[in-house]
2 protein chains.
Amino acid sequence: MKRLDRKITLRDIATEAGLSTTAVSKVLNDKGSTSSETQERVKKIAERMGYRPNLVAKSLKDNCTKTIGLVVADSSHSFLGSVIKGAQEEAARFGYNIILANTNRNRETEKKAINLLLEKRIDGLLLASSMLIQKIDKPFLESLGIPYIFLVRRSEDKEDAFVGNDNIRGAFDMVEYLIKTGSKKIHFLNMDKSSTSSKDRLKGYIKAHENYHIPYDSRLVYNMRPEIEEGYTAMREILERGEKVETVFCGCDIIGIGAMEAILEKGLKIPEDIRICGYDDIEFAAYLRKPFTTMRQPKEIIGVKAIDLLLDRIQNVQEKPGVVMLKSELVVRQST
Amino acid sequence: MKRLDRKITLRDIATEAGLSTTAVSKVLNDKGSTSSETQERVKKIAERMGYRPNLVAKSLKDNCTKTIGLVVADSSHSFLGSVIKGAQEEAARFGYNIILANTNRNRETEKKAINLLLEKRIDGLLLASSMLIQKIDKPFLESLGIPYIFLVRRSEDKEDAFVGNDNIRGAFDMVEYLIKTGSKKIHFLNMDKSSTSSKDRLKGYIKAHENYHIPYDSRLVYNMRPEIEEGYTAMREILERGEKVETVFCGCDIIGIGAMEAILEKGLKIPEDIRICGYDDIEFAAYLRKPFTTMRQPKEIIGVKAIDLLLDRIQNVQEKPGVVMLKSELVVRQST
DNA sequence: GTGAAAGCGCTAACAC
DNA sequence: GTGTTAGCGCTTTCAC
């Protein structure tokens with residue numbers, strides 16, 4: 001694959017047309033005033049020579065790259081894949097591009113990635129399921145000098161811009177549904193304590209208990225990383241301990257997949273012996289061994305709204321309210 | 001979020017240090033010769049002022065952005081999510097970034113995306129499940145003037161660089177397994193005829209039949225888009241027609257999910273009444289109602305190898321062989 | 001060991 | 001309506 005001859009520049013067109021680069025630039029950008037005769041001629045030449053504006057040069061001049069950094073925990077997780085898609089397509093609508101970085105939930109990887117993005121002069125930053133949500137990370141993020149928005153997982157500083165679903169309400173709705181349909185003792189396989197989403201889902205869980213006068217028992221609540229394996233192990237241990245299990249609310253579908261696995265392995269029936277449900281409605285929740293009751297997060301919309309909010313901050317000085325709480329939707333399937 | 005004060009430039013550091021920008025540049029890049037005293041001083045100042053090199057300026061000078069375009073059909077599909085992850089992380093290892101674009105399997109969207117990427121001066125292009133695989137698309141791709149590599153879905157021109165799994169062999173292995181374990185009549189719910197992967201999987205399917213002296217019956221082969229819905233509809237129609245179905249090989253797991261749905265809905269048992277299997281081993285194949293026998297594609301490795309090949313072409317003039325065929329692995333689960 | 005000058009490709013300000 | 005100039009931030013000669 002030989003490197004093709006040098007790219008065509010404005011200067012090449014100018015020479016060809018016997019004009020200045022300025023004139024050509026004006027024509028191609030429909031700015032300033034040029035004779036319609038010139039316009040036609042220049043456009044034709046540009047077309048013929050296969051001219052492509054060099055946005056790197058433009059970026060240098062404008063001090064703006066029309067590029068947004070999107071840092072995600074793991075692009076192979078289908079949940080984040082949808083968020084990425086929503087963000088990328090919405091950005092494209094406005095002529096923006098997305099540079100993607102995976103962090104694997106590692107703080108250092110994430111910081112390094114952000115630093116590189118900043119050197120590439122991204123105009124703004126989206127942090128999806130970021131690890132940099134603590135107070136201690138604020139100085140780093142502020143030092144970036146560009147707008148940034150948290151997605152999916154909220155930062156500890158409630159002033160920070162955020163787009164995601166309302167976890168308190170979502171968890172409340174789910175537990176309320178479980179209670180109303182006969183459950184009294186609800187095990188909760190929640191995500192890590194450190195995660196804000198997990199804290200909020202616990203709040204919703206507790207609130208629903210209070211609301212229906214069911215005493216809250218913290219011994220029913222477990223915390224784990226959102227991995228299939230972890231859900232499996234936790235559920236298995238609970239069952240092997242001989243504990244009476246009636247209903248299991250999983251903090252996310254991934255944990256739910258593992259938990260379901262453990263339940264079925266024990267020869268128990270879903271939902272006859274144990275009712276189980278999750279949160280997120282990942283792509284395959286409907287196609288698990290038992291189609292999964294879950295809260296459907298508006299995944300692509302999260303990406304879309306995040307871009308809208310970010311572009312607003314990039315383009316305007318004044319601030320719109322910075323927290324967008326989208327509603328999740330209860331999807332009832334056979335697992336409950 | 002007030003736009004922070006202008007970013008620190010080499011000039012700022014130079015002024016502060018009482019040196020020229022040249023000197024500072026040399027220090028910060030460990031090039032040319034500078035006194036160790038100067039080096040230390042400059043580095044300290046840069047550190048203190050929070051200097052971040054402006055890669056846009058460097059790109060303009062170097063005529064190289066250390067950025068790669070990755071065009072995918074749909075980043076929310078878990079298969080491509082893994083490919084993206086592999087590619088992004090491998091690129092990062094070499095200081096490259098990935099700009100991601102979704103095409104939604106639309107030729108025009110894809111072309112438009114590529115054009116924008118080119119204006120941003122990407123150094124190379126990765127096309128994952130591209131629509132631009134026909135002979136007719138070659139001139140467009142060649143006009144880009146940068147190396148490009150097809151991923152996952154191969155282009156019609158066999159000279160084009162490609163990284164993916166060996167579909168002929170994969171399909172052969174699967175069908176061979178089915179035959180050896182007792183299947184004689186194997187329905188094949190393949191993907192669109194237009195797709196190269198689909199053609200190759202059909203070749204493998206036929207080859208295995210020949211190899212085991214089972215007559216090939218084209219009436220058992222169906223083609224459809226890789227959507228759950230399509231697999232469901234196709235399978236349902238076959239069953240409603242009262243056709244005797246013994247074994248179903250699905251061209252991809254997504255189709256398989258739909259087909260399985262239709263089979264179970266009919267009250268048929270898997271694998272007792274019908275054996276069914278797929279291809280790809282998407283994230284959730286193991287957690288379907290019946291864990292799915294499938295061919296595991298080396299998804300992340302595809303991304304990794306593609307970057308390796310692309311960087312090689314970006315950095316060197318001479319060509320390495322341009323086709324990387326990775327082996328897929330048979331994963332036997334309960335559905336067969 | 002250090003610096004002045006030129007240039008990457010583009011555009012905005014300002015002549016003419 | 002068109003051209004000249006300067007400058008975005010960086011690096012690379014080539015002097016000194």
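To find a chain, count down the sequence lines: A is the first, B the second, and so on, and within it residues start at 1. On a predicted model such as this, the values are computed, not experimentally measured, just so you know.
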Between A/D62 and B/D62, the residue closer to the 5' end of DNA chain C by nearest nucleotide is B/D62
Residue pair B/K26/B/K58 against DNA chain D: nearer the 5' end by closest nucleotide is B/K58
In whole angstroms, the gap separating P of D/dG9 from CG of B/L55 amounts to 14 Å
Practice task
Describe the nucleic acid contact of B/N29 in one word from base, sugar-phosphate, nothing, applying a heavy-atom distance below 4.0 Å.
Solution key: sugar-phosphate
Rounded to whole Å, NZ of A/K31 lies from P of C/dC10 at a distance of 14 Å
When rounded to whole Å, the CD to C1' distance for the pair A/Q39 and D/dT2 reads 13 Å
| message | So does B/S20 get a backbone contact from the side chain of B/T22, meaning a donor-acceptor N/O pair under 3.5 Å? | response | no
**Prompt:** Are B/E89 and A/N102 close enough that a side-chain donor and a side-chain acceptor fall under 3.5 Å?
**Reply:** no
Sorted by position of nearest nucleotide on DNA chain C, 5' first, the leading residue of B/E37 and B/R121 is B/E37
Task: C/dG1 OP1/OP2 closer than 4.0 Å to side-chain N/O of B/S33 - done: yes
With a 4.0 Å cutoff (strictly under), does any side-chain N or O of A/T38 reach OP1 or OP2 of D/dT2?
yes
| Distance below 4.0 Å between B/Y51 side-chain N/O and D/dG9 OP1 or OP2 | no
Are OP1 or OP2 of D/dG9 and a side-chain N or O of B/T9 less than 4.0 angstrom apart?
-> no
Separation of D/dT5 atom C1' from A/R11 atom CZ, nearest Å, is 12 Å
From CZ of A/R52 across to P of C/dC10 the rounded distance in Å is 13 Å
The answer to which of A/T34 and B/V56 contacts DNA chain D further toward the 5' end, by nearest nucleotide, is A/T34
Atom CG of B/L10 and atom P of C/dG7 are separated, to the nearest Å, by 20 Å
Separation of C/dT11 atom P from A/L60 atom CG, nearest Å, is 12 Å
request  = Verify the contact: side-chain N or O of A/S25 to OP1 or OP2 of C/dT11, cut-off strictly under 4.0 Å; return yes or no.
outcome  = yes
Which of C/dG7, C/dT11, C/dA4 is nearest the side chain of B/K61? It is C/dG7
A/V72 and A/V83, any side-chain heavy atoms less than 4.5 Å apart: no
Could you walk me through whether A/I122 and A/I68 pass the side chain to side chain contact (heavy atoms under 4.5 Å, CB included) check? CA-CA 5 Å; A/I122 51 169; A/I68 288 168; 5.9 Å; no
Review point. Taking 4.0 angstrom as the limit, do A/R93 and A/E90 come out as a salt bridge?
Key: yes
Residue pairs meeting salt bridge (Lys or Arg N to Asp or Glu O under 4.0 Å), one or both in residues 107-118 of chain A, sequence neighbours left out, come to A/R107-A/D137
Classify the nucleic acid contact of A/S35 as base, sugar-phosphate or nothing, counting any heavy atom under 4.0 Å across all strands shown.
sugar-phosphate
Taken to the nearest whole Å, CG/B/N54 to P/C/dC8 is 18 Å
Quick note, B/A57 side chain, CB onward, closest among C/dC10, C/dG3, D/dC10 is D/dC10
